[in-house]
2 protein chains.
Amino acid sequence: MTYQDKKVITIGLVSELTGLSIRQIRYYEQRKLIFPERTKGGTRKYSFSDIEKLIQISEHMEDGLQTFEIRQLQKKNMAASYRGLTST
Amino acid sequence: MTYQDKKVITIGLVSELTGLSIRQIRYYEQRKLIFPERTKGGTRKYSFSDIEKLIQISEHMEDGLQTFEIRQLQKKNMAASYRGLTST
DNA sequence: CGTGTAAGGAATTCTGACACG
DNA sequence: CGTGTAAGGAATTCTGACACG
């Protein structure tokens, strides 16, 4: 709830925790699927929510979806949960 | 519960979040007050629980306690919570 | 005792690009 | 389109030590 969304994890750890390569994680950011924060120095910081999101993303990728399609799905889910439907 | 205790935060972030210097954080580890994990490379990783602990530690230090006294307090609290008393 | 700091090195991350497909 | 990689640089962290008190 409070810790879940705090952006504090470095990309190396995220890579370990998700099984994705650092390259993939950066790419998904470029494609607007995740939104890490940055330290003053420019180092990316992720939250546990980001990690869960990334795991979902990797599942969608395995299903053959393209990044823009996954982005569409995210929008739909956001709209749905806004209406009190599927959360996750 | 699950995220609270995952060791994933680098010492620089911990320093920012607690207001303590990196030097202090490392010292409190040396004095057995906190127990970060390490990456393969040797970089320390802390949990949100560690951050809460550190904040408590800094309060005790301000109260003039010495590190070994704080360690005693930690033990007492652990024993108490084990008996179902004060948790935190 | 608790903490600051300069020192030298190692690990981590960053960006932009070339490559493949 | 999605991902790997070599390249060069910058930010982050590590340890052991000297200093002060």
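Bear in mind the structure is a predicted one, so any value in this text is a computation, not a measurement. These values consider heavy atoms only, across backbone and side chains, with no hydrogens, waters or symmetry-generated copies. Chain letters run A, B, ... following the sequence lines, proteins first and then strands; every chain starts at 1.
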OP1 or OP2 of [N] sitting under 4.0 Å from any side-chain N/O of [X]?
| X | N | result |
| --- | --- | --- |
| A:Arg44 | C:dC14 | yes |
| A:Tyr27 | D:dT3 | no |
| B:Thr67 | C:dG2 | yes |
| A:Tyr28 | D:dG2 | no |

Item checked: Counter-base of D:dT5, judged by Watson-Crick or G-U geometry with both distances under 3.5 Å ->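 Here D:dT5 is engaged in a pair, and the nucleotide opposite it is C:dA17.
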
Checklist line | Partner nucleotide of D:dA10 by Watson-Crick or wobble geometry (both distances under 3.5 Å) | finding: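 Because both required distances fall under 3.5 Å, D:dA10 counts as paired with C:dT12.
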
Please find the pair of heavy atoms, one from [X] and one from [Y], that lie closest to each other, and give the distance.
| X | Y | answer |
| --- | --- | --- |
| A:Val8 | A:Lys45 | N-CB, 4.1 Å |
| B:Ile57 | B:Ile70 | O-CD1, 3.9 Å |
| B:Tyr46 | B:Thr10 | CD1-C, 4.4 Å |

Item checked: Which residue lies more 5' along DNA chain D, comparing B:Thr10 with A:Leu65 via nearest heavy atoms -> A:Leu65

Check: For A:Ser21 and A:Thr39, take the nucleotide of DNA chain D holding the closest heavy atom to each; which residue's nucleotide lies nearer the 5' end?
Finding: A:Ser21

[X] has an atom [atom1]; how far is it from atom [atom2] of [N], in whole Å?
| X | N | atom1 | atom2 | answer |
| --- | --- | --- | --- | --- |
| A:Ile22 | C:dC14 | CD1 | C1' | 11 Å |
| A:Arg23 | D:dG4 | CZ | P | 8 Å |
| A:Ile25 | C:dT13 | CD1 | P | 10 Å |
| A:Tyr46 | C:dT12 | OH | P | 16 Å |
| A:Leu20 | D:dG4 | CG | C1' | 14 Å |
| B:Glu69 | C:dG2 | CD | P | 9 Å |
| B:Gln30 | D:dC14 | CD | P | 14 Å |
| A:Gln24 | C:dC14 | CD | P | 15 Å |

Check: Would one find more than 12 heavy atoms of other residues, nucleotides or ligands at under 6.0 Å from atom NZ of B:Lys6?
Finding: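 Not buried by this count: 12 neighbours or fewer within 6.0 Å.
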
Next item on the list: Would you check if B:Met61 and B:Gln24 make a side-chain contact, meaning some heavy-atom pair closer than 4.5 Å?
Entry: no

Note to self: Using the side-chain heavy atoms of A:Arg26, tell me which of these nucleotides is nearest: D:dG2, C:dT12, C:dT15.
What the structure shows: C:dT15

